[in-house]
Amino acid sequence: TGFDDIPYARLMNPSLTTIAQPAADLGTRAATMLAASIEMGTPHGSLSLSPQLVIRETTAAVKGGSV
């Protein structure tokens with residue numbers, strides 16, 4: 001499994017199950033928090049975002065039979 005959902009993960013054979021991180025949202029929120037911290041002169045809290053599990057062939061059910 002992967003932890004970044006890079007484009008190559010879905011092109012691999014078998015395609016790689018991964019955790020998709022909301023990178024654009026994380027960057028936007030981090031920049032906003034940094035700007036607020038600079039303006040206030042103190043650190044500004046913490047940030048937590050929810051990743052998404054992307055299930056692909058590396059964790060798919062066995063085709064045509066049992067394990």
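All values reported here derive from a predicted model rather than from experimental measurement. Note that the numbering runs from 1 along the sequence shown for the chain. The figures here come from the full heavy-atom set of this structure, side chains too, leaving out hydrogens, waters and symmetry mates.
- Across all their heavy atoms, Leu47 and Ala30 have their closest contact at CD2-N, 4.2 Å.
- Note that the OG atom of Ser50 and the CG atom of Asp25 stand 10.0 Å from one another [nearest 0.5 Å].
- Not one N or O on the side chain of Thr18 forms a donor-acceptor pair closer than 3.5 Å with the backbone of Val54.
- Grouping the Ile, Leu, Val, Met, Phe, Trp and Tyr side chains by contacts below 4.5 angstrom, directly or via other members, places Leu49 with Met33.
- With hydrogens and angles disregarded, no donor-acceptor distance shorter than 3.5 Å links the side chain of Gln21 to the backbone of Pro51.
- At least one donor-acceptor pair closer than 3.5 Å links the side chain of Thr32 to the backbone N or O of Thr28.
- Hydrophobic clustering of Ile, Leu, Val, Met, Phe, Trp and Tyr side chains at less than 4.5 Å, counting indirect connections, keeps Leu26 apart from Leu34.
- Cluster annotation: Leu53 is connected to Phe3 through the hydrophobic network of ILVMFWY side chains, with a link wherever side-chain heavy atoms come within less than 4.5 Å.
- Side chain of Arg56 to main chain of Leu16: a donor-acceptor pair is present (N/O by atom type, distance under 3.5 Å, no hydrogens or angles).
- Remark: Ile55 CD1 to Thr17 OG1 distance equals 6.5 Å, nearest 0.5 Å.
- With contacts defined as side-chain heavy-atom distances shorter than 4.5 Å, the pair Asp5/Arg10 qualifies.
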